[in-house]
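Reading through the structure tokens given below for one structure.
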Protein chains: 2
Amino acid sequence: MKQPAIIRDKENSNAALKAGRNRNRAQKVSEVIKDWILELRLFPGDRLPQEPELIAKLGVSKGTLRESLKILETQGLIKTRTGPGGGAFISEMEKGLANSLLATHFFFKDVSISDIYELRIIMEPQLARNVCGYINETQIEILREKMTYYNYPPVSIVEEQSQREKELEFHEIMAGFCQNELLRFNCQFLVQLLKELIICKKIYQKPNPELREKGLTYQEQLLTAFTNKDSETAHLVLQAHMLEAKSLMLAQEAHFKRGFLKG
Amino acid sequence: MKQPAIIRDKENSNAALKAGRNRNRAQKVSEVIKDWILELRLFPGDRLPQEPELIAKLGVSKGTLRESLKILETQGLIKTRTGPGGGAFISEMEKGLANSLLATHFFFKDVSISDIYELRIIMEPQLARNVCGYINETQIEILREKMTYYNYPPVSIVEEQSQREKELEFHEIMAGFCQNELLRFNCQFLVQLLKELIICKKIYQKPNPELREKGLTYQEQLLTAFTNKDSETAHLVLQAHMLEAKSLMLAQEAHFKRGFLKG
DNA sequence: AGATATTTGTTCGTATGTATT
DNA sequence: TAATACATACGAACAAATATC
């Protein structure tokens, strides 16, 4: 594993740049710029020098520099704007991008519903327990409002699918309240995978009234637990919810490769 | 959320390309190519058309095409080779790249040891339970061999740190045996975060003999459980292990921003 | 081992688009 | 509206890498 070079002066960076003849220039340049970001302690909102200056300092052509910036942009580290005062700005990688990159990672892998629920069964209860500690009335109300989208039997297959999506969004929103970024990201990513599953593979075609009804009951119990600040009950309720959902879903088990690429 | 267009013919793709004047051309081109990959059912190893052909079919300049390919390369979806028979090849994103992209996501976020262990406490036991089902003697032997690096008291601070790393690698290897890609990736990513913590922030400077000794005991119990195919014991042992490790680590709690950028 | 053909990688000059003033 | 400052896009020429003979 490469040793992170937090401090490295410009001269050395450029030297390293010129030395490396064996590999891609654009990638090396992007790493040099990364070093600058660390070195100059740049934070989101700060601007990088403009193209001509970067070209001069790095000693590369416009095309190569643009490829390098594309790399950083793809990694979500910068964003570029045109016009006066424009240029490349440090930016915090947004959630959607990280999701889509990770989804690309699982693009050719074989992920099953069973795999997803193996994680959801342990993560969602923990999420509930965590969030319970500091969730407020306003946030509980947002969750309750989301439930109104599916607190009645669907009249069509289209509505059934829409309700499934809303039910997943309930979990997505709850995760959004979580202050542990790792836990939040994980839970939301799993929900995204399931959503893609709905859209792409068109499973859940058959009505599954039991799933909706039981889910609703669990979620009502969950909100009660939230109101009472009863984190252990919240944990248990969601554990039961997930176990139930898993067994109901496995009836329609389907492996899905590919298809959840685009973010 | 955008509707994934699994099937989309070339004409439509190009039409969509020409229509979009409001945004980045290179990015749109890269999405068109992604669509092609889906549409043509290309898999790792398959080759994309060569630059001149892509330029012709997409109606863009060479520079733009190269930026587009850079995007896909950064996302880990393709790799390019020069020379006869060269070109852009579909490739499976390697683990390291996914790790580094995700690490970039948490670059500006505040992740604490407590956050990491909140996840490890639930994931590692599940990992043990899962792996226990199919781990074989050879694999157990690999784990046992790794333990020899730290089954004795360290004589220096340097060795202490090295032992900590090896102990983390024990978990990394165990995760590598997991057949649930999601679970495997998560566990390994958490280990990577902890490793970066060792390197960058130099916590664990102070000797912590208790951590090593108790960890060793737990891991021995774990291997026994593996040998006996006793998944519930494996689960319980690792749960105790993680709880213990968390409390011992929190004594040295330190938040760490930045610094684990580069892959 | 060396020459050659093929294909990506890099550069530069120029032109166009776009947001600010 | 016009001028300005900047990114974005294009095309042709050249350099480097690699497989094949």
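Naming: A, B, ... by sequence-line order, numbering from 1 per chain.
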> P84(B) side chain: which of dA7(D), dT6(C), dT11(C) is closest?
Replying inline: dT6(C)

>> If you assign each of G85(A) and E73(B) to its closest nucleotide in DNA chain C, which residue comes earlier from the 5' end?
In response: E73(B)

>> What is the separation between atom CD on E51(B) and atom P on dT10(C), rounded to the nearest whole Å?
In response: 11 Å

> What integer distance in Å separates L54(B):CG from dT7(C):P?
Replying inline: 13 Å

> Is T80(B) near enough to dT7(C) that one of its side-chain N or O atoms lies under 4.0 angstrom from OP1 or OP2?
Replying inline: no

> Between the base of dG9(C) and the side chain of K70(B), is there a donor-acceptor distance below 3.5 Å?
Replying inline: no

> How close or far is atom P of dT10(C) from atom NZ of K28(A), stated in whole angstroms?
Replying inline: 11 Å

> Of all the nucleotides listed (dT10(C), dT8(C), dA9(D)), which has the minimum atom distance to the side chain of E67(B)?
Replying inline: dA9(D)

> Between dT8(D) and R66(A), is there an OP1 or OP2 to side-chain N/O distance shorter than 4.0 Å?
Replying inline: yes

> Any side-chain donor-acceptor pair under 3.5 Å between E172(A) and Q192(A)?
Replying inline: no

> The side chain of T82(B) lies closest to which of these nucleotides: dA9(D), dG9(C), dT10(C)?
Replying inline: dG9(C)

>> For the residue pair Q75(A) / K34(A), report whether a side-chain donor-acceptor contact shorter than 3.5 Å exists.
In response: yes

> Can you tell me how far P of dC6(D) sits from CD of E53(A), to the nearest Å?
Replying inline: 10 Å

> Out of dT11(C), dA9(D), dA13(D), which has the shortest distance to the side chain of T64(A)?
Replying inline: dT11(C)

> Rounded to whole angstroms, how far apart are CG on L48(B) and P on dT8(C)?
Replying inline: 10 Å

>> Whole angstroms only, please: what is the NZ-P distance between K79(B) and dT8(C)?
In response: 17 Å

>> Can a side-chain donor-acceptor contact be found between E118(A) and N130(B) if the only test is distance below 3.5 angstrom?
In response: yes

>> It should be established whether R25(A) places a side-chain nitrogen or oxygen under 4.0 Å from OP1 or OP2 of nucleotide dA15(D).
In response: no

> For the base of dT14(C), is there a side-chain donor-acceptor partner from K62(A) under 3.5 Å away?
Replying inline: yes

> When you look at C187(B) and H171(B), which way does the side-chain contact (heavy atoms from CB on, under 4.5 Å) test go after all the steps?
Replying inline: CA-CA 8 Å; C187(B) 289; H171(B) 294 274; over 6 Å; no

>> On DNA chain D, compare the nucleotides closest to R81(B) and A88(A); which residue's is nearer the 5' end?
In response: A88(A)

> For the pair made of CD in Q50(A) and C1' in dT8(D), what is the distance, rounded to whole Å?
Replying inline: 15 Å

> Rounded to the nearest 0.5 Å, how far apart are OG1 of T64(B) and CD1 of I55(B)?
Replying inline: 9.0 Å

> Please give, in whole Å, the distance from dT18(C) P to N24(B) CG?
Replying inline: 12 Å

